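Since the structure is predicted, the reported quantities are computational estimates derived from the model, not experimental observations.
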Amino acid sequence: MNLIWGVILLIISSIAYFGQAISAFWPETAVKLGLTEAEADVDPAFYADIRGEAYWDTAVLWTLPLTGVLLLLNNPVWVYFGLVGGGMYLYFAGRGIIARRVMQRRGIRIGSPQTLKVAYLFLALWGVAAIITIIMAIAAFPIS
């Protein structure tokens, strides 16, 4: 099970991590790849928020891809990275969904309906992956 989840987790979490890295350092490329909206298409405050989020996420979201690698290597340290990374991805997903919903309800321009559907889908996917990883880490936590 660890091997299968390691592969799934590595793929799912790497999409988030590298997507945010591209958004942070190459925003024009991120727009072309459909990872984010063009600055002109969204509210300036939302654009500033997602840019800041991309920088921060690039600094901290490496933990869950590393968890996937550690699972593949059957390294018991994965449990600790799984708890920390799972918590970060759960926060990332929850904040992303709730903040966008609140902004949408207030009429703030946050992107096209199609882009938002994709964003909600991936944020939910990352949130579920985080919950599964946290549960697996708690179950595998060494108790002495």
Side-chain angles (χ1 to χ4, degrees), residues 1-39 41-43 45-105 108-144:
M1 180 62 173
N2 283 1
L3 182 66
I4 294 168
W5 187 246
V7 170
I8 292 168
L9 191 60
L10 182 59
I11 292 168
I12 290 172
S13 61
S14 290
I15 292 169
Y17 178 76
F18 290 108
Q20 288 296 72
I22 292 167
S23 295
F25 300 109
W26 304 282
E28 299 83 18
T29 302
V31 170
K32 289 177 188 172
L33 294 173
L35 300 174
T36 189
E37 297 280 357
E39 184 173 5
D41 296 339
V42 295
D43 186 89
F46 178 71
Y47 187 78
D49 181 61
I50 61 172
R51 294 282 301 164
E53 182 180 53
Y55 284 116
W56 177 248
D57 290 345
T58 302
V60 300
L61 290 184
W62 56 269
T63 51
L64 216 51
L66 178 58
T67 302
V69 170
L70 292 170
L71 276 165
L72 291 173
L73 298 174
N74 201 27
N75 186 318
V77 176
W78 81 265
V79 171
Y80 303 103
F81 284 95
L83 289 172
V84 172
M88 287 182 184
Y89 272 69
L90 186 58
Y91 175 81
F92 169 67
R95 181 200 182 278
I97 291 170
I98 299 300
R100 281 169 177 77
R101 295 295 299 154
V102 169
M103 289 182 201
Q104 245 182 332
R105 288 188 180 142
I108 297 170
R109 292 180 308 125
I110 61 169
S112 70
Q114 180 59 32
T115 302
L116 287 172
K117 284 179 188 176
V118 172
Y120 288 136
L121 173 69
F122 275 96
L123 287 165
L125 181 64
W126 293 319
V128 170
I131 291 168
I132 291 169
T133 303
I134 290 168
I135 291 169
M136 286 179 63
I138 290 170
F141 199 81
I143 300 172
S144 27

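Atom CG of L121 is surrounded by more than 12 heavy atoms from other residues, nucleotides or ligands within 6.0 Å. Summarising the local packing, OH of Y120 is surrounded by more than 12 heavy atoms from other residues, nucleotides or ligands at distances under 6.0 Å.
Counting only residues at least two apart or on different chains, no salt bridge (Lys or Arg N to Asp or Glu O under 4.0 Å) pair has a member in residues 19-39. Sequence neighbours left out, not one pair with a member in residues 60-74 passes salt bridge (Lys or Arg N to Asp or Glu O under 4.0 Å). Screening residues 57-73 for side chain to side chain donor-acceptor pair (under 3.5 Å) gives Q20-D57 as the qualifying pairs, with residues at least two apart or on separate chains. For residues 90-100, every residue pair satisfying the salt bridge (Lys or Arg N to Asp or Glu O under 4.0 Å) rule, not counting sequence neighbours, is listed here: D49-R95, E53-R95.
When the side-chain contact (heavy atoms from CB on, under 4.5 Å) test is applied to P27, the partners found at least two apart in sequence or on another chain are Y47, R51. Residues forming a side-chain contact (heavy atoms from CB on, under 4.5 Å) with L90 (at least two apart in sequence, or on another chain): A130, I131, I134. Remark: V128 engages I132 in a side-chain contact (heavy atoms from CB on, under 4.5 Å) (not counting sequence neighbours). Taking F92 as the reference, W126 meet the ring pair (Phe, Tyr, Trp, His ring centres under 6.0 Å) condition, with sequence neighbours excluded. With sequence neighbours excluded, the residues that form a ring pair (Phe, Tyr, Trp, His ring centres under 6.0 Å) with F25 are Y55. For A38, the side-chain contact (heavy atoms from CB on, under 4.5 Å) test picks out V31, D41, with sequence neighbours left out. T133 meets the side chain to side chain donor-acceptor pair (under 3.5 Å) test with W5; sequence neighbours excluded.
Y89 contributes a side-chain N or O that, together with a main-chain N or O of S13, makes up a donor-acceptor pair within less than 3.5 Å.
Within the model, atoms CG of L3 and CG of L71 stand 9.0 Å from one another, a figure rounded to the nearest 0.5 Å. Atom CG of residue L116 and atom CD1 of residue I97 lie 11.5 Å apart, to the nearest 0.5 angstrom. Distance check: I12 CD1 to L125 CG gives 4.5 Å after rounding to the nearest 0.5 Å. Interatomic distance, L10 CG to L66 CG, rounded to the nearest 0.5 Å: 9.5 Å. The distance from the CD1 atom of I50 to the OG1 atom of T36 is 3.0 Å, given to the nearest 0.5 Å.
Side-chain contact check for I110 versus D43: every heavy-atom pair is 4.5 Å or farther apart.
In plain terms, the two heavy atoms of L35 and S23 that are nearest each other are CB-OG, 4.1 Å.
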N/O donor-acceptor pairs under 3.5 Å from side chains in residues 77-87, not counting sequence neighbours:
none

